[in-house]
Amino acid sequence: MDTTTTLLVIAACVAAVLLAVAVALLVRLVRARRTLRRAGLPTGPRWVFWGAVAYLLLPTDPLPDPVYLDDIGVLLLALRSLRTAGPLPRRTTGA
């Protein structure tokens, strides 16, 4: 193999690993949100969750798609927002 082919194979392997990490974080985000909702705990702003999912799936990114580092960062921030969500507001009953 020549140098160009070797570099392309290495780049493809790195891109595959980054994509696997991004998908694993997406699965973790969805599971964490589902678990929090089932337990009746706050999940943070809904737009943070859906924004992170859309950012991963949409083809337009500040960085080209083979570089998933920005997607991974957005997913990690969404996971952090789920963890730091405040308590649910108390419901008041009129009586």
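In what follows, residues are counted from 1 in the order of the sequence shown. Computed from a prediction, not measured in an experiment: that's the story for all the values here.
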Q | Nearest atoms (heavy-atom pairs only) where A52 meets L29 | A | CB-CD2, 4.1 Å
Q. Do the side chains of L19 and L26 join up, straight or via other hydrophobic residues, at under 4.5 Å, putting them in one cluster?
A. yes
Q. W47 and Y55: same hydrophobic cluster, using ILVMFWY side-chain contacts below 4.5 Å?
A. no
Q.
Please say yes or no: joined through hydrophobic side-chain contacts below 4.5 Å, possibly via intermediate residues, are L77 and L75 part of one cluster?
A. no
Q. Cluster question for you: counting only ILVMFWY and a side-chain heavy-atom cut-off of under 4.5 Å, with indirect links fine, are L56 and L69 together?
A. yes
Q) Any side-chain heavy-atom pair from F49 and V30 closer than 4.5 angstrom? A) yes
Q | Distance-minimising heavy-atom pair for L79 and A32 | A | CD2-CB, 4.2 Å
Q | In one Ile/Leu/Val/Met/Phe/Trp/Tyr side-chain cluster, 4.5 Å: W50, L76 | A | yes
